[in-house]
Peer 1: 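One structure follows; several queries about it will come next.
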Amino acid sequence: MNKDELGESAKNIEGSSGDTSLPLVLKKLLLSRDETLQVASAHCITAVLVHSPAKHAPAFIHADIPEFLFEHLSSSSEMLVSSSYNCLTLLAEEPLFFSKCHTVYGIEAVVRSLQGSLEMNNTELHKQGLLLFTEILTRQPEEIKLFTNSAMCRDAGRALQEAVSSPVLEVAAEAVKATSAFLRKDHQSAPPVQYRELQSLLEAMLNRCAEFSQTLLNRRPLGHASSRDSEKAILQRGKFLLSTLEGFRSACRLAIEFQSEPSAQENPFTAPSAKKEDTLEAFSEFLLSACDSLCIPMVMRHLEQTTHPALMEVFLSILHSLFVIVPHMKEKFSKKLAASSFIRLTLELKARFCSGLSHSALNQVCSNFLYYMCLNLLSAPEKTGPPSEEELSAVSELLQHGLPQISSRSPESLAFLSDCQYMEGAARQRQYCILLLFYLAYIHEDRFVSEAELFEAVQSFLLSLQDQGERPPLVVFKASIYLLAICQDKDNTLREQLHSSLISIS
């Protein structure tokens, strides 16, 4: 059946609104033993659905067409499998497709077919199968469990692991999207949760992304090669990296959700003497290690060439979630991030993209990340004893209110800190936040403003407090004195000024 005939069929069907005979006729063709008729039937269904999906999909679903399309996924005919994939993907746009539980009965056929198609040398078939799988994983209602046993869930994960490792970028990219949808709590909650399988899937996904990024770096154009090709490559890498990070964020979300599920803590069928590898704790520590060794380096390399707000939003939300996922490591992880200039990086992002009301979601993610990192750093200080609960509570409140308001570059922040005009509550809180950020950055050797400029700004800030008769939170005052001391220690000409300032303040 050619395209003109399919189009004419679609028009005739639309003209016969309410006529239910067509689904039954096409169903008979699907049940025939003639492969040509089966493919023609699938093509006709596709043409009808493309022409008017909302109108005709329910009739096909009530006629149990999906059941027979799922059966055809086991065919040895690539053309029939391809036609069935396309039909099912269109039917998946209709909620009735899921509420009638067709996907619950058909998911095994999809997984088996995907495993088989990946062994064939047919890239288009790989992409069609993965697209269908992604649609089902994404649209499946949470209240209807898709994987009714852990074995089927394991097989699905292994098929995705093979797909994300594909040397064909388009196939790997579609598999990464499917992986992100697969890492949903309702898809993974069939006991026992197989954390080692999930870890293997994530490792394959991250390694494929790292491999792709490195390949592009090795192919950098030399001499007078087209900059357009270079820009296209950077855009392509950024898109794949963003999808990979979204998949990793889904894994982080899954780990957080399982923290409140006692049955999901470990595999109950593991022998008591066995090493506890298939546990939520081990999976959580893997997420932290993978982020540290793979996600962070890939993002930092990408930042050397371009900065994309959506990518950074996902990335910083991952870092924030890891404080919750591995709480016993949050102070150590925060110190490593601070020593790697993440305070500076986040402030630069806010200054570049979050002024005014632009990129409000990114601003919120940046502020949340800084808030928790700062509290972690202040709870385990390098040079002094930890603050009291009362001091931490006061700092927590001012950071929560002040951080979202900060979107200035370093010179502007220094000028604002130096402002000797009368400061009202919100403005003063912003000054406190800025000073604490400089303090935490400096204490972890991230000195992104000069000592002389910072000294002048802190001195002016303290004198302003004195003039207005204000007493800052003790943590802020300690941070101010530390910054004055560290600045003069680096610049001998500031020592006399420091002595004069302290006498004046006292």
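Please read all numbers here as calculations on a predicted model, not as lab measurements. Just so it is clear, the values below take in all heavy atoms, side chains as well, and ignore hydrogens, waters and symmetry mates.
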Peer 1: Among His43, Gln38, Gln128, find the one that has a side chain to side chain donor-acceptor pair (under 3.5 Å) with Ser83.
Peer 2: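 Output: one option passes, namely His43.
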Peer 1: Are Asn376 and Glu331 linked by a side-chain donor-acceptor pair shorter than 3.5 Å?
Peer 2: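 On atom types as modelled, these side chains do not qualify, holding no pair under 3.5 Å.
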Peer 1: Report yes if the distance between the aromatic ring centroids of Phe240 and Phe212 is under 6.0 Å, otherwise no.
Peer 2: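 Close enough - the centres of the two rings lie under 6.0 Å apart.
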Peer 1: Is a side-chain donor or acceptor of Ser360 paired with a backbone partner of Leu357 at a separation under 3.5 angstrom?
Peer 2: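 The answer is no, because no donor-acceptor pair under 3.5 Å joins these two groups.
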Peer 1: Kindly compute the distance separating CG (Leu437) from CG (Leu377), expressed to the nearest 0.5 Å.
Peer 2: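 So the gap between those two atoms works out to 10.0 Å.
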Peer 1: Is it true that atom CD of Glu285 has more than 12 heavy atoms of other residues, nucleotides or ligands lying nearer than 6.0 Å?
Peer 2: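 More than 12 heavy atoms, drawn from other residues, nucleotides or ligands, come within 6.0 Å of this atom.
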Peer 1: Can you find a pair of side-chain heavy atoms, one from Pro66 and one from Phe97, that are under 4.5 Å apart?
Peer 2: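 Sidechains of Phe97 and Pro66: in contact.
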Peer 1: Out of Ser367, Ser355, Ser407, which residue meets the side chain to side chain donor-acceptor pair (under 3.5 Å) rule with Lys350?
Peer 2: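 For Lys350, the side chain to side chain donor-acceptor pair (under 3.5 Å) test succeeds with only one of Ser367, Ser355, Ser407, which is Ser367.
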Peer 1: Under 3.5 Å, is there a donor-acceptor pair between the side chain of Arg249 and the main chain of Phe315?
Peer 2: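 Not at all, since once roles are kept as given, no pair shorter than 3.5 Å links the two residues.
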Peer 1: Can you check whether Thr307's main-chain N or O pairs, donor with acceptor, with His302's side chain at less than 3.5 Å?
Peer 2: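 No: the side chain of His302 does not pair with the backbone of Thr307.
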Peer 1: Please step through side-chain contact (heavy atoms from CB on, under 4.5 Å) for the pair Leu30 and Glu71, ending with a clear verdict.
Peer 2: CA-CA 10 Å; Leu30 281 176; Glu71 285 183 8; over 6 Å; no
Peer 1: Give the C-alpha distance, both sets of side-chain angles, the deciding distance and a yes or no for side-chain hydrogen bond (donor to acceptor under 3.5 Å, both in side chains) between Gln161 and Ser200.
Peer 2: CA-CA 7 Å; Gln161 183 178 337; Ser200 296; 4.7 Å; no
Peer 1: Please confirm whether the backbone N or O of Gln194 pairs with a side-chain atom of Asp278, one donor and one acceptor, at under 3.5 Å?
Peer 2: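 No: the side chain of Asp278 does not pair with the backbone of Gln194.
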Peer 1: Salt bridge or not for Glu197 and Arg158, using N-O below 4.0 Å?
Peer 2: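 The answer is yes: the pair qualifies as a salt bridge.
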Peer 1: Are Leu73 and Leu114 side-chain neighbours, meaning at least one heavy-atom pair lies under 4.5 Å?
Peer 2: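 No, too far: nothing below the 4.5 Å cut-off.
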Peer 1: Judged by modelled atom types alone, do Ser117 and His126 share a side-chain donor-acceptor pair under 3.5 Å?
Peer 2: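 The answer is no; no qualifying pair exists.
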Peer 1: Rounded to the nearest 0.5 Å, how far does CG of Asn368 lie from CG of Leu399?
Peer 2: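 Spacing of CG (Leu399) from CG (Asn368) equals 11.5 Å.
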Peer 1: With side chains defined as the heavy atoms from C-beta onward, is the minimum distance between Arg112 and Met152 less than 4.5 Å?
Peer 2: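 They are in contact (side-chain heavy atoms under 4.5 Å apart), so the answer is yes.
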Peer 1: Counting distance only, does the side-chain N/O of Ser340 pair as donor-acceptor with the main-chain N or O of Phe342 below 3.5 Å?
Peer 2: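 Looks like no, no N/O pair under 3.5 Å.
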Peer 1: Nearest 0.5 angstrom please: Lys239 NZ to Ile234 CD1, how far?
Peer 2: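 Answer for the NZ-CD1 pair, Lys239 versus Ile234, is 15.5 Å.
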Peer 1: Is any side-chain heavy atom of Leu436 less than 4.5 Å from a side-chain heavy atom of Cys374?
Peer 2: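 A side-chain contact is absent here, since even the closest heavy-atom pair is not under 4.5 Å.
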Peer 1: If we check side chain to side chain contact (heavy atoms under 4.5 Å, CB included) with Leu294, which of these qualifies: Leu202, Leu206, Thr244?
Peer 2: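 Testing Leu294 for a side chain to side chain contact (heavy atoms under 4.5 Å, CB included) against Leu202, Leu206, Thr244 leaves exactly one candidate, Leu206.
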Peer 1: With a 4.5 Å limit on heavy-atom distance, are the side chains of Phe323 and Phe333 in contact?
Peer 2: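 Yes, their side chains come closer than 4.5 Å.
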Peer 1: How long is the straight-line distance from CD of Gln214 back to SG of Cys209, given to the nearest 0.5 Å?
Peer 2: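 Here the interatomic distance stands at 11.5 Å.
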Peer 1: Before we go on, tell me: are the rings of Phe258 and Phe283 under 6.0 Å apart, centre to centre?
Peer 2: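 When the ring centroids of Phe258 and Phe283 are compared, they turn out to be at least 6.0 Å apart.
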Peer 1: Examine the side chains of Ser341 and Asp446 and answer whether a donor and an acceptor come within less than 3.5 Å of each other.
Peer 2: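 Side chains of Ser341 and Asp446: pair found under 3.5 Å.
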Peer 1: Side chains of Val365 and Val314: closer than 4.5 Å at any heavy-atom pair?
Peer 2: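 Not in contact.
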Peer 1: Could you check, using the six-membered ring where one of them is a Trp, whether His320 and Tyr372 have ring centers closer than 6.0 angstrom?
Peer 2: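 Yes, they do, as the ring centres are separated by less than 6.0 Å.
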Peer 1: Between Ile61 and Glu94, is a side-chain contact (heavy atoms from CB on, under 4.5 Å) present by the stated rule, with each step listed?
Peer 2: CA-CA 9 Å; Ile61 293 169; Glu94 171 59 45; 3.5 Å; yes
Peer 1: So does Val110 get a backbone contact from the side chain of Ser113, meaning a donor-acceptor N/O pair under 3.5 Å?
Peer 2: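 It does not hold such a pair.
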Peer 1: Is there a donor-acceptor contact under 3.5 Å linking the side chains of Gln140 and Thr103?
Peer 2: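 Yes - a donor-acceptor pair under 3.5 Å links their side chains.
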Peer 1: For Asn363 versus Ile406, what's the shortest heavy-atom pair and its separation?
Peer 2: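 For Asn363 and Ile406, the tightest heavy-atom pair comes out as OD1-O, 4.5 Å.
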Peer 1: Is there a donor-acceptor pair under 3.5 Å between the side chain of His102 and the backbone N or O of Phe98?
Peer 2: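 The answer is no, because no donor-acceptor pair under 3.5 Å joins these two groups.
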Peer 1: Please walk me through it: do Leu345 and Leu303 pass side-chain contact (heavy atoms from CB on, under 4.5 Å)?
Peer 2: CA-CA 10 Å; Leu345 170 65; Leu303 279 176; 3.8 Å; yes
Peer 1: Would you tell me whether Ser250 and Ser180 have side-chain atoms, one donor and one acceptor, within less than 3.5 Å of each other?
Peer 2: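 Indeed, the side chains of Ser250 and Ser180 share at least one donor-acceptor pair under 3.5 Å.
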Peer 1: When rounded to the nearest 0.5 angstrom, what is the spacing between CE in Met329 and OG in Ser284?
Peer 2: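 These two atoms lie 12.0 Å from each other.
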Peer 1: Output the distance between atom NZ (Lys27) and atom CD1 (Ile45), rounded to the nearest 0.5 Å.
Peer 2: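 Spacing of NZ (Lys27) from CD1 (Ile45) equals 11.0 Å.
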Peer 1: Identify the two heavy atoms, one from Thr179 and one from Leu201, that lie closest to each other, and give their separation to 0.1 Å.
Peer 2: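 Thr179 and Leu201 have their closest heavy atoms at CG2-CD2, 3.7 Å.
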Peer 1: Is there a ring-ring contact (aromatic ring centres under 6.0 Å, His included) between Tyr195 and Phe286? Walk through the geometry before answering.
Peer 2: CA-CA 10 Å; Tyr195 291 112; Phe286 156 75; over 10 Å; no
Peer 1: Indicate yes or no: at least one non-hydrogen side-chain atom of Lys336 is less than 4.5 angstrom from one of Lys332.
Peer 2: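 Side chain of Lys336 against side chain of Lys332, heavy atoms only: no contact under 4.5 Å found.
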Peer 1: For Thr346 and Cys366, which heavy atoms make the closest approach, and how far apart are they?
Peer 2: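 So the minimum-distance heavy-atom pair works out to CG2-CB, 3.6 Å.
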Peer 1: Take Ile107 and Phe133, measure what side-chain contact (heavy atoms from CB on, under 4.5 Å) needs, and give me the verdict at the end.
Peer 2: CA-CA 8 Å; Ile107 191 62; Phe133 196 25; 3.7 Å; yes
Peer 1: Scan Glu257, Glu261, Glu142 and name whichever one has a salt bridge (charged side-chain N to carboxylate O under 4.0 Å, His left out) with Lys185.
Peer 2: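 The single option meeting the salt bridge (charged side-chain N to carboxylate O under 4.0 Å, His left out) with Lys185 is Glu261.
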Peer 1: Which pair of heavy atoms, one from Val193 and one from Ala264, lies closest together, and at what distance?
Peer 2: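 Where Val193 meets Ala264 most closely, the heavy atoms are CG2-CB, 4.2 Å.
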Peer 1: Hey, is the main chain of Glu67 close enough, under 3.5 Å, to the side chain of Asp64 for a donor-acceptor pair?
Peer 2: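 Not at all, since once roles are kept as given, no pair shorter than 3.5 Å links the two residues.
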Peer 1: For residues Ala181 and His187, report the shortest heavy-atom separation together with the two atoms involved.
Peer 2: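 Heavy atoms of Ala181 and His187 come nearest at O-CD2, 3.2 Å.
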Peer 1: Checking Arg184 side chain against Leu137 main chain: does a donor-acceptor pair fall under 3.5 Å?
Peer 2: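 Yes; at least one donor-acceptor contact below 3.5 Å.
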Peer 1: Quick one: do the Thr89 and Glu135 side chains pair a donor with an acceptor below 3.5 Å?
Peer 2: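 Judged by distance alone, the side chains do not pair up.
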Peer 1: On a heavy-atom basis, which atom in Ser293 and which in Pro297 lie closest, and how many Å separate them?
Peer 2: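 Smallest interatomic distance, heavy atoms only, reads O-CG, 3.4 Å.
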Peer 1: Output yes when a side-chain donor or acceptor of Ser41 lies under 3.5 Å from a complementary backbone atom of Leu37, and no otherwise.
Peer 2: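 No; judged by distance alone, with no hydrogens or angles, the pair does not exist.
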Peer 1: Begin from the C-alpha positions of Arg301 and Glu304 and carry the test salt bridge (charged side-chain N to carboxylate O under 4.0 Å, His left out) through to its verdict.
Peer 2: CA-CA 5 Å; Arg301 281 197 299 270; Glu304 293 173 3; over 6 Å; no
Peer 1: Are any of the side-chain heavy atoms of Phe448 and Leu347 separated by less than 4.5 Å?
Peer 2: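 The answer is yes; the side chains approach within 4.5 Å.
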